[in-house]
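Structure record follows, encoded as structure tokens.
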Amino acid sequence: MVLLRTMEHIQIFTNNPAVRAAYPDTVYWVDGAVADVFTAVRDAVHTGAKVLSHPLSGSIKPWQSPYKSIAVSRSAGALCFGSLQRIESAIAALNKGTQAVSALSESVLEDFQIIDLDLIKNVSDNPR
Amino acid sequence: MRLEIGEIKINDVQFGAVTEVKSGTLHINKDELAKVTGADERIKSVEVFLARPGESVRIIPVKDVIEPRVKVDCDSGKVVKGGIFPGFMADVTQVGEGRTHVLKGAAVVTTGKIVGFQEGIIDMCGAGAEYTPFSQTQNVVLKIEPIDGIKQHEHEVVVRLAGFRAANYLGEAGKNVRPDTEKVYETLPLLQQAAQYPHLPKVAYVYMLQTQGLLHNTFYYGVDVRQIVPTFMYPTEIMDGAIVSGNCVSACDKNPTYIHANNPVIEDLYAEHGKTINFLGCVITNENVTLADKERSSNMTAKLIEFLGAEAVIISEEGFGNPDADLVMNCNKIEAKGIKTVLITDEYAGQDGASQSLADSTPLGNACVTAGNANQVITMPPMQTVIGYPEVAHVIAGGWEGSLAPDGSITAEIQVIIGATNELGFGKLSAKAV
């Protein structure tokens, strides 16, 4: 059986308003920080979801950007240890940033949103 | 494929009436360069500055660094088609053969405020200068301001192409100059190459390119590498600008276009070619966001390496985090075919250097070269002149609240410095096991 995945089978965990606006039917909204998005994805993985996009996408370090979007499979199944390992190591990477980042202006926040949206478009452009 | 490189040593840059190279000095007609660089209706203004080694100058934020080059006819009279930066500044003609002149020691540096958070510092003197290779080049700095209302995607394209126009304009000045140094690089078609040195171990190079999206792009003959499947490349192709950078994030470990053209892995593999190894060529591959893309690309990379008959490969990474997964997949799948791998990466090991360095790991990655710890903290003294947009230092990606002191000094991690932990080994840092 060939796996043909469509956007109906994908959920995007995000705290990025631009991603919520672009994919209103696909988004699992996390009202919080990047750490909260990671935690929500980890919880979903424990119920059988698979991580489809890399949690550390982008060269902007996870503690530097206020936004993060991660695509996971909607279907529940057996625990995927690869997905668990990936999200746990992302959480560890996030915790390396211990210094407080400067307060960001509205335009800078918008730039972070646009880049995060562009990264997650990789999933919608060619879902599989 | 055979390429002659003629290096014209540039020891100084000066503004002058005519753009030309004389006695090792690159003279530049400032207005003409600004006009060529700004030949895009989306550009409002171009300012040209010079920054020389040892001067009290800071350039921020740096988007790309580019080396001026030009294609010329061979001394034998043989004419080879094609131009520098195929797919952008020239037709998509095959490059990597014939003859190319290089203004060695000169560099075009582009600065433009594409997004609100910024990084990418070149200091021409002081502690920061020790960490970037571009404190040692004669820099022609272009501050490029686009028209109002331009969006981030288009802004990146505008600045990228402007830099290539400027580099090619300057490169033309080397067309009729006799080079100081001559080099020849040659790779034969695969079966001939394998037969040339039958008793030497056959080595290939897996060249990973950053390709995740906006401000994270790399191009090969004008195509976004995100859209390709891994393919074979003659190593000489990069010397004519077949690979260019649209990667504007993670200053320390991105590969500017300059470093692609001077890839030290390829340089060193050629240096040993025919002596201790038989260098077969390169496989270029991408670093995408989805795990399915990563699986496909690493499968095809391993397949190509096996098909080439390589006995060992060097794999270089670009970036941190997400690409660590690609690095590990490439390593595992190539080793599984019985082919030895050596990995080149950098580290994010925390400011004390004690944390896990990479976001992924494998026991098969038992031969690994590091280009330094990007979390290392440095204080860079104030500079008399700041070219670019000094105000963006307030929100340095890689800094924190208070990174910019009132006196103009910057305390931040070395990840803000262009090329500080370059994963092709173009920088000065490394580490060894203790």
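Throughout, a chain's letter reflects where its sequence line sits, starting with A, and its residues are numbered from 1. None of these values were measured; they are calculated from a predicted model.
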Checklist outcome for this item: Heavy-atom closest pair (B/Ala325 atom, A/Arg86 atom, distance to 0.1 Å) is CB-NH1, 3.5 Å
Checklist entry - Between A/Ser89 and B/Ala359, what is the shortest heavy-atom contact and its length? => result OG-O, 3.3 Å
Does any backbone or side-chain atom of [X] lie under 4.5 Å from a heavy atom of chain A? Answer side chain, backbone, both or neither.
{"X": "B/Lys254", "result": "neither"}
{"X": "B/Gln210", "result": "side chain"}
{"X": "B/Gln212", "result": "both"}
{"X": "B/Leu215", "result": "side chain"}
{"X": "B/Ser357", "result": "backbone"}
{"X": "B/Glu119", "result": "neither"}
{"X": "B/Asn375", "result": "side chain"}

Next on the checklist: I need the A/Ser59 OG to B/Glu287 CD distance, nearest 0.5 Å.
Outcome noted: 8.0 Å
Checklist entry - In Å and rounded to the nearest 0.5 Å, what is the CG to NE2 distance from B/Asp293 to A/His54? => result 13.0 Å
Item to check | Residue from B/Asn288, B/Leu291, B/Asn322, B/Val289 passing side chain to side chain contact (heavy atoms under 4.5 Å, CB included) with A/Ser53 | outcome: B/Val289
Next on the checklist: Would A/Lys61 and B/Glu413 count as a side chain to side chain contact (heavy atoms under 4.5 Å, CB included) here? Give the steps.
Outcome noted: CA-CA 12 Å; A/Lys61 307 305 172 283; B/Glu413 296 179 349; over 6 Å; no
Checklist entry - Based on non-hydrogen pairs under 4.5 Å, which of B/Ala349, B/Gly321, B/Gly319 is most in contact with chain A? => result B/Gly321
Item to check | Per-residue contacts, residues 106-118 of chain A versus chain B, heavy atoms under 4.5 Å | outcome: A/Val108, A/Glu110, A/Asp111, A/Phe112, A/Ile114, A/Ile115, A/Asp118
Next on the checklist: Can you confirm whether A/Tyr28 is buried at OH, in the sense that more than 12 heavy atoms of other residues, nucleotides or ligands lie under 6.0 Å from that atom?
Outcome noted: no
